[in-house]
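Basis for what follows: all heavy atoms, side chains included, without hydrogens, waters or symmetry-related copies.
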Amino acid sequence: MDNVKNDVEIKLVALDMDGTLLNNKGQVSEANRKAINAAKDKGIFVVLSTGRSLLTSREHADSLELNSYLVTVNGSEIWDDQRELVERNLVKSEHIEWMWKLTQEHNTKFWAISTERNWHNEMPEDLHQVDWMKFGFNIDDDETRAIIMKELQDKGEFEISNSTLKNIEVNSAGVNKAKGLELVCQRLGLEMKNVMAVGDSLNDLAMIKAAGIGVAMGNAQDIVKESADWVTATNEEDGVAKAIYKWVKLK
C-alpha cells in the first residue's frame, strides 16, 4: 500500500488528540511538536480534529501556535483560524434526556458537552434550555455497553462512535470528523485526497477512511488499524511525528 500512496501530496494534516497527538500524560512530545512545526514551515495546514470541545482543546492548539481550523466535538463544531465559529451541529435536547435516562436505568457514568461547558455525571436543572452537541457513556461492563449500544442503534437518530473501548460517544446522525474536515477543505480550496488523518479510535474512523492517507496509531483499536493505509508508532513513541516525516514531503 505504501507504493500506491507515495505520490499523494499532503497539504493538510488532521490530528486526533487523546491517544494520538497527546501521550498518556496528556502532553505533546517534543518530537511531535518539532514535526508539526516542520510541516507548518512548509505551508502545510495542521488541524486538530478531536472529540474534545474548544474549551479543552484550545490550550494545545495555542501552544502549538496553530493558525488553522479546528474540528471539535467529533465535528459538531468547526472553528476558523481566528477561533470564530463556522458551523455547529446540535443534538436534540429530548435525545439527550432519553440518553441520560438510559444511564440512570443502567447505572452508568456519563458526560455531555453543551455549547457552554462540559458536564460530568451531572445535568442542568432544565436540560431543555441548553444547546447540546455530544453525549457520552462510560461503561466498564461489556454486557451493559452492548445493551446500550443496541438501544442507540435501534433509535436510528445518531452517529455512534467511541474514544476508548470502554465508552460510547453520540453525536447527531451524519456528524463526524470526516464531514468536518470536508468543510475545512472546501473553505481552504483543498480536496480530501490531500489530507493525512491520524487517529486511534472509532470517532477517527470516518476521517481515516475519507483522507488521502489514513494513519492509525500503534495503540489504535483493531478496526481502525484494519481501515488505515498505514500504522504508525504509538502515542508514547511519537507516532504522529513518524507519520508526518513518512507522508508529508518536507524536503
Side-chain angles (χ1 to χ4, degrees), residues 5 8-22 32 35-36 39-40 42-54 56-58 60-61 64 66-90 113 133-134 158-163 169-217 220-221 223-224 227-230 232 239-240 243-244 246-249:
K5 296 280 185 172
V8 174
E9 187 184 0
I10 299 303
K11 298 178 181 177
L12 186 150
V13 173
L15 301 174
D16 170 53
M17 291 179 64
D18 296 285
T20 300
L21 171 64
L22 306 180
N32 283 351
I36 287 168
K40 282 164 46 193
K42 290 293 180 186
I44 308 293
F45 295 100
V46 179
V47 173
L48 297 185
S49 186
T50 177
R52 293 186 180 209
S53 65
L54 184 67
T56 52
S57 57
R58 187 172 198 154
H60 288 291
L64 290 165
L66 298 184
N67 55 352
S68 57
Y69 285 72
L70 290 173
V71 176
T72 61
V73 203
N74 291 343
S76 285
E77 286 186 328
I78 315 297
W79 303 86
D80 69 11
D81 54 352
Q82 303 299 311
R83 304 292 185 263
E84 295 291 329
L85 187 65
V86 174
E87 183 176 284
R88 177 177 279 157
N89 298 283
L90 300 177
I113 298 180
M133 295 184 290
K134 184 170 84 167
F158 308 119
E159 188 87 9
I160 305 165
S161 64
N162 71 18
S163 55
E169 299 201 349
V170 185
N171 293 78
S172 278
V175 174
N176 57 52
K177 293 181 182 184
K179 286 287 196 307
L181 287 170
E182 282 167 14
L183 176 61
V184 170
C185 284
Q186 192 182 320
R187 290 175 70 98
L188 293 174
L190 304 177
E191 295 180 56
M192 285 297 286
K193 69 179 182 184
N194 301 121
V195 173
M196 177 178 81
V198 191
D200 70 308
S201 298
L202 289 188
N203 63 354
D204 302 309
L205 199 53
M207 72 171 181
I208 282 172
K209 286 180 172 179
I213 301 285
V215 177
M217 297 298 292
Q221 294 171 32
I223 189 171
V224 179
S227 303
D229 297 306
W230 193 65
T232 187
V240 162
I244 288 173
K246 175 163 178 67
W247 294 107
V248 181
K249 295 176 178 67

CG/L85: more than 12 non-hydrogen atoms of other groups inside 6.0 Å: yes
side-chain contact (heavy atoms from CB on, under 4.5 Å) partner of I36, chosen from I44, L21, V13: L21
Pairwise side-chain contact, T232 with M217, heavy-atom cut-off 4.5 Å (strictly under): yes
K209 atom NZ: more than 12 heavy-atom contacts under 6.0 Å: no
Minimum heavy-atom distance between G174 and E159, given as atom pair plus value: N-OE1, 2.9 Å
Nearest non-hydrogen partners of G239 and N32, listed with the distance: N-OD1, 4.4 Å
L66 vs K40 side-chain heavy atoms within contact, under 4.5 Å: yes
Report, one line per pair, each donor and acceptor closer than 3.5 Å where one atom sits in a side chain of residues 45-54; sequence neighbours left out.
residue, atom, partner, partner atom, Å
T50, OG1, R52, N, 2.9
R52, NE, D18, OD2, 2.8
R52, NH1, T56, O, 2.7
R52, NH2, D18, OD1, 2.8
S53, OG, L55, N, 3.4
S53, OG, N118, OD1, 3.4

For residues 188-201, please give each side-chain donor-acceptor pair under 3.5 Å, one per line with the distance, not counting sequence neighbours.
residue, atom, partner, partner atom, Å
N194, ND2, E9, O, 2.9
D200, OD1, T20, OG1, 3.3
S201, OG, S163, O, 3.0
S201, OG, Q221, NE2, 3.4

Sequence-distant partners of D80, side chain to side chain contact (heavy atoms under 4.5 Å, CB included), two or more places apart: Y69, Q82, E84, V86
Working for side-chain hydrogen bond (donor to acceptor under 3.5 Å, both in side chains), residues E169 and N74: CA-CA 9 Å; E169 299 201 349; N74 291 343; 2.7 Å; yes
Shortest non-hydrogen separation from A228 to I208 and the atoms involved: CA-CG2, 3.9 Å
Closest non-hydrogen atom pair between M133 and N171, with its separation: O-ND2, 3.4 Å
Contact check, side chains of D16 and K177, non-hydrogen atoms, under 4.5 Å: yes
Interatomic distance, W247 atom CH2 to I213 atom CD1 [nearest 0.5 angstrom]: 4.5 Å
Heavy-atom side-chain contact between T72 and W79 under 4.5 Å: yes
Criterion salt bridge (charged side-chain N to carboxylate O under 4.0 Å, His left out) against E77, the qualifying member of R58, R88, K179: R88
Non-hydrogen atoms of I78 and G180 that approach each other most closely: CD1-CA, 3.5 Å
4.5 Å side-chain heavy-atom contact, M207 and N176: no
